[in-house]
Amino acid sequence: MTKTDELSTDYDAVVIGGGAAGLSGALILGRSRRSVAVIDAGAPRNAPADGIHGLLGYDGMPPIEYLRRGTADVLRYGGTVTSGEVAEITRNDTGFAITLADGRVTRARRILLATGLVDELPDVEGLAERWGRDLVHCPYCHGWEARDQAIAVLATGPMAFHTTLLWRQLSDRVVLLRNGIDFPAEQLAQLAARGVRITEGRPQSVAITDDAVTGVAMADGRVVPCEVIAVGTHMVARGGEIFSSLGLTLTEHPSGMGVYLATDPAGRTDAPGVWAAGNITDLSAQVGAAAAAGAMAGAQINADLAMEEAAEAVGTQAKAG
């Protein structure tokens, strides 16, 4: 990906986050002849994955290649894409001042937050090292690749009932590790009727042989055999200090799956001049949905700027008259 360390002093919009949502928003703004910069911290959530799945026309494409193409699209329309971490955003008379951790400063009339999320994993030894390999979280992103294998679903909350049914659609060798989570008797009966084994106890560590998962070791010494571990992570929108500086607060998802930044359907946040898109606002969004949300937010920012410019033009004419 071709990035630059150079930032202009002023932009119509600055996008914070260079994933699918951020790049898509920047593309729409660039094609609308807006000056736009994308500031990307360079830590994409799906970096460990071999490929993006379920995205029409791009199925199986490595995430880094998808981002490379998206960056090229933004650059083609005059946008700036730079590596960096935003340290502070302050509001001023014309919009916002954005200060990066390396000391660079730029200004923007509008902000698009597309910082993504952080997946918090259960405290099980060896689990994090398998992330994106034989530790998976989404049956739509990774299910086909895990088909017919022995899958252990590590419950982290009530939603594990629903995800276990989805994994069962992909393999007839599924075991649910309850991990102390209570499920209604009706749900347990449905899982059992579908042939899902249910195991009690606390998972302690991942069993590995020749760099492959072979099971989950339980606290009581048992090892539950499996080839794939599926776990629902606790997802947290990334960018806490930035949110605070803008007066934004996160919202707990009613399912308990994590915390997100609430917006209206067009991506507008409660902070004037600030939009958000992607996993930061929709914890379960796949790449296609994140890109679509970014495009919508970019279009809304352009429209908002156009309305402001029209009002300013009328005011200028009135003063001149």
Side-chain angles (χ1 to χ4, degrees), residues 3 7 11 13-26 29 36-47 63 67 70-71 74 79-92 95-121 131 137 233-253 257-264 266-287 289-291 293-298 300-301:
K3 296 184 180 180
L7 277 176
Y11 290 95
V14 165
V15 180
I16 303 173
L23 290 172
S24 186
L29 286 161
V36 58
V38 178
I39 301 173
D40 180 31
R45 179 192 184 199
N46 62 358
L67 295 179
T71 297
V74 173
T80 296
V81 182
T82 186
S83 297
E85 185 171 346
V86 173
E88 184 181 26
I89 300 178
T90 56
R91 194 179 292 274
N92 56 35
F96 305 90
I98 301 100
T99 302
L100 277 64
D102 59 14
R104 288 178 291 165
V105 180
T106 188
R107 291 182 293 272
R109 297 165 65 192
R110 301 292 186 272
I111 296 287
L112 172 56
L113 299 173
T115 49
L117 57 80
V118 175
D119 291 281
E120 297 178 345
L121 294 168
W131 179 249
H137 72 288
T233 63
H234 185 258
M235 296 174 281
V236 179
R238 182 189 283 121
E241 293 184 3
I242 296 175
F243 303 151
S244 299
S245 68
L246 293 169
L248 296 168
T249 57
L250 296 178
T251 300
E252 184 76 32
H253 196 280
M257 64 193 297
V259 289
Y260 67 99
L261 185 63
T263 68
D264 71 8
R268 190 189 296 263
T269 72
D270 291 336
V274 180
W275 276 255
N279 283 130
I280 191 176
T281 68
D282 183 353
L283 299 177
S284 60
Q286 293 179 274
V287 175
M296 171 64 78
Q300 292 297 316
I301 289 172

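What you see is a predicted model; the values in this text were computed from it and never measured.
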Show your working on side chain to side chain contact (heavy atoms under 4.5 Å, CB included) between Leu113 and Leu248 and close with a plain yes or no. CA-CA 11 Å; Leu113 299 173; Leu248 296 168; 4.0 Å; yes

Evaluate the side-chain proximity of [Y] to [X]: yes if any heavy-atom separation is below 4.5 Å, no if none is.
{"X": "Trp131", "Y": "Leu121", "value": "yes"}
{"X": "Thr115", "Y": "Phe243", "value": "yes"}
{"X": "Tyr11", "Y": "Leu29", "value": "no"}
{"X": "Thr263", "Y": "Arg268", "value": "no"}
{"X": "Leu67", "Y": "Asp40", "value": "no"}

What are the two closest heavy atoms between [X] and [Y], and how far apart are they?
{"X": "Ala20", "Y": "Ala290", "result": "CB-CB, 4.4 Å"}
{"X": "Ala271", "Y": "Arg91", "result": "CB-NH2, 4.0 Å"}
{"X": "Gly84", "Y": "Leu100", "result": "CA-CD2, 4.2 Å"}
{"X": "Ala13", "Y": "Ala108", "result": "C-CB, 4.2 Å"}
{"X": "Ala276", "Y": "Leu261", "result": "CB-CD2, 3.8 Å"}
{"X": "Val38", "Y": "Gly22", "result": "CG2-O, 4.5 Å"}

Neighbour count above 12 (heavy atom, 6.0 Å) for Glu85 CD: no

Could you tell me whether Asp264 atom CG has more than 12 heavy atoms of other residues or ligands within 6.0 Å of it? yes

Could you give all pairs that pass the salt bridge (Lys or Arg N to Asp or Glu O under 4.0 Å) test and reach residues 96-105, with sequence neighbours left out? Asp102-Arg104

Apply side chain to side chain contact (heavy atoms under 4.5 Å, CB included) to the pair Met235 and Tyr260, showing each step before the final yes or no. CA-CA 8 Å; Met235 296 174 281; Tyr260 67 99; over 6 Å; no

Under the 3.5 angstrom rule, does the side chain of Ser245 hit a backbone N or O of Ile242 as a donor-acceptor pair? yes

Nearest 0.5 Å, please: how far is [atom2] in [Y] from [atom1] in [X]?
{"X": "Leu7", "Y": "Arg107", "atom1": "CG", "atom2": "CZ", "value": "12.0 Å"}
{"X": "Met296", "Y": "Ile301", "atom1": "CE", "atom2": "CD1", "value": "12.0 Å"}
{"X": "Arg110", "Y": "Gln300", "atom1": "CZ", "atom2": "CD", "value": "12.0 Å"}

Hey, are Asn279 and Thr281 close enough side-chain-wise for a donor-acceptor pair under 3.5 Å? no

Could you walk me through whether Ile98 and Ile111 pass the side chain to side chain contact (heavy atoms under 4.5 Å, CB included) check? CA-CA 10 Å; Ile98 301 100; Ile111 296 287; 3.8 Å; yes

Test applied, side-chain contact (heavy atoms from CB on, under 4.5 Å); reference residue, Ile39; option that passes from Thr80, Thr82, Val15: Thr82

